[in-house]
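Positions are given from 1, in the same order as the sequence printed here. All figures in this text were calculated on a predicted structure; none of them were measured in a lab. In each ligand, atom 1 is the first atom listed, and ligand 1 is the first ligand listed.
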Amino acid sequence: MTSAGRFAPSPSGELHVGNLRTAVLAWLFARSSERNFLLRVEDLDRARSGAEAEQLRDLAAIGVTWDGEVVRQTARGPLYAAVISRLQAAGLTYECFCTRREIQEAPSAPHAPQGTYPGTCRNLDPAELEFKRSTRPAAVRLRAGVREYTVHDVLHGAYTGTVDDFVLRRNDGVTAYNLAVVVDDAEQGIDQVVRGDDLLASTPRQAYLASLLDIPAPEYAHVPLVLNSDGLRLAKRDGAVTLGDLAAEGFPPQAVRDRLLESLGLPAGPLSQVLTAFDPAALPRKPWVWRGMAAAGAS
Ligand code: GLU
């Protein structure tokens with residue numbers, strides 16, 4: 001299978017300049033290393049009708065092109081179910097009946113970061129299991145054999161993070177992101193994962209799961225986020241941040257693309273012409289502060 005990079009947006013709304021900058025970077029990483037570039041719509045959760053078409057339109061408008069058909073996670077239920085069955089058969093899962101609130105209120109293990117699952121349902125005896133099954137539907141959790149795992153990231157170097165008994169399938173039957181992303185990347189031949197560095201902390205969980213499934217870890221590059229002028233992660237409420245908003249202010253998609261390239265220390269122009277100037281080692285390592293198109297050159 002040809003190696004590939006990818007962009008995997010959740011179709012929850014229009015892409016903003018932060019999302020677009022990550023997409024440009026993922027494209028540059030893939031194309032500069034002779035990889036295919038795939039687009040996967042992560043619509044298991046948070047999907048808003050119409051958002052996918054807007055996202056594809058905006059990616060195309062700035063020159064982020066992709067190979068083959070767009071893949072949608074909602075079409076891949078049987079694939080995820082087969083992998084969860086495989087893990088179940090190997091004794092690597094258990095049923096969990098905890099509510100979010102119970103998890104928040106449970107005492108966590110010493111030194112475990114906030115949100116780490118404390119293992120409440122890990123060793124239920126048969127009577128407890130039978131009783132809990134009669135009360136509410138179960139989520140499926142991974143029975144993790146480690147507490148932490150180390151990944152290698154092109155921009156962050158070795159990164160060690162927590163691995164807990166994370167959810168593989170939610171109790172409403174929806175496949176969890178951490179399972180779907182590992183299964184999809186492997187099945188699509190993706191061996192390079194470029195995404196926002198807000199996902200770095202989830203990466204040890206995903207790489208550990210991949211190891212259990214005999215999937216080689218991809219090359220990871222977690223790129224800096226775009227922040228608003230208050231230093232917070234950019235969001236739709238931060239004014240004109242989508243291609244549509246910016247076009248209404250008189251800035252066409254090419255101008256936005258050039259602004260994103262400038263923020264990366266790259267020359268303006270169509271993405272294919274920027275490839276020779278692209279050097280991952282020279283990328284800015286700090287978040288970029290978005291102050292609008294009018295504040296040219298400021299960062
Ligand atoms: N769908 C995720 C998001 O939009 C990205 C997942 C990934 O790139 O692995 O935040």
Looking at the rings of Y159 and Y220, which for Trp means the six-membered one, are their centres under 6.0 Å apart?
no

Rounded to the nearest 0.5 Å, what separation is found between the CG atom of D185 and the CZ atom of R6?
4.5 Å

Within this structure, what is the CZ-CD distance for the pair R141 and E95, rounded to the nearest 0.5 Å?
12.5 Å

What does the N/O contact table under 3.5 Å look like for ligand 1?
residue	atom	partner	partner atom	Å
ligand 1	1 (N)	A8	O	2.8
ligand 1	1 (N)	S10	OG	2.9
ligand 1	1 (N)	E42	OE1	2.6
ligand 1	4 (O)	S10	N	3.4
ligand 1	4 (O)	S10	OG	3.3
ligand 1	8 (O)	R6	NH1	2.6
ligand 1	9 (O)	R6	NH1	3.4
ligand 1	9 (O)	R6	NH2	2.9
ligand 1	9 (O)	Y177	OH	2.9
ligand 1	9 (O)	R195	NH1	2.8

If I take atom CZ from residue R257 and atom CZ from residue F251, how far apart are they, to the nearest 0.5 angstrom?
15.0 Å

Partners passing salt bridge (charged side-chain N to carboxylate O under 4.0 Å, His left out) against R147 (at least two apart in sequence or in another chain)
none

With D67, which of R35, R31, R40 fulfils salt bridge (charged side-chain N to carboxylate O under 4.0 Å, His left out)?
R31

